[in-house]
Amino acid sequence: MRTGCQWCNLHQEWPNWQAVYYYFDRWKQYGTFKRINETLNQLARKKAGREAYSLALCADDQSVKLHTMICQCRGTDANKRVDGRKREFVVDTQGRL
């Protein structure tokens, strides 16, 4: 918990961190995480008695503060007085990405 998501600090029971990162990066490139998320969302919606795909969506954004040393993709949200980045996301009627 102290180190967040640093690869070299994975717990001893995991394989070598380079191997874990290799597969994580491959899955990210091939869209595996996106497909897993979509499939789980569809299953949860069906279990709740809804259609597999949502017909109504809600778009929102979030301002995230950045360290002063990070210069890439930086901007200022004047309304919230936040110097950093904005990230946008879309959720369905049940709050799933």
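Hydrogens, waters and symmetry mates are skipped; everything else that's a heavy atom, side chains included, is used.
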Inset, instruction - Supply the atom-to-atom distance Asn37 CG to Asn41 CG, rounded to the nearest 0.5 angstrom. - result: 4.5 Å

Legend entry - Gap between atom CG of Leu55 and atom CZ of Arg50 - 0.5 Å precision: 10.0 Å

Inset, instruction - Step through the shown structure and confirm whether more than 12 heavy atoms of other residues, nucleotides or ligands are within 6.0 Å of OH on Tyr22. - result: no

Legend entry - Check against side chain to side chain contact (heavy atoms under 4.5 Å, CB included), Gln29 and Arg26: CA-CA 5 Å; Gln29 287 177 359; Arg26 291 288 176 182; 4.1 Å; yes

Inset, instruction - Give the minimum heavy-atom separation between Ser54 and Arg45, together with the two atoms involved. - result: CA-NH2, 3.6 Å

Inset, instruction - Establish whether Phe24 and Leu10 are linked, either directly or via other cluster members, by ILVMFWY side-chain heavy-atom contacts under 4.5 Å. - result: yes

Inset, instruction - Verify the neighbour count for atom OH of Tyr53: are there more than 12 heavy atoms of other residues, nucleotides or ligands below 6.0 Å? - result: no

Inset, instruction - Verify whether one side chain among Asp92 and Gln94 offers a donor that lies under 3.5 Å from an acceptor in the other. - result: no

Legend entry - Residue pair Gln42 / Ala52: nearest heavy atoms and the distance that separates them: CG-O, 3.6 Å

Inset, instruction - Starting at NZ of Lys46, measure out to CD of Glu51 and round the result to the nearest 0.5 Å. - result: 9.5 Å

Inset, instruction - May I ask whether Val20 and Ile36 are part of the same hydrophobic cluster, defined by side-chain heavy atoms of I, L, V, M, F, W, Y residues being less than 4.5 angstrom apart, directly or through others? - result: no

Legend entry - Ring geometry between Tyr21 and Trp7 (parallel below 30°, tilted from 30 to 60°, perpendicular above 60°): perpendicular

Legend entry - Single-linkage hydrophobic cluster Trp14~Trp17, side-chain heavy atoms < 4.5 angstrom: yes

Legend entry - Backbone N/O of Tyr30 and side chain of Arg35: donor-acceptor pair under 3.5 Å: yes

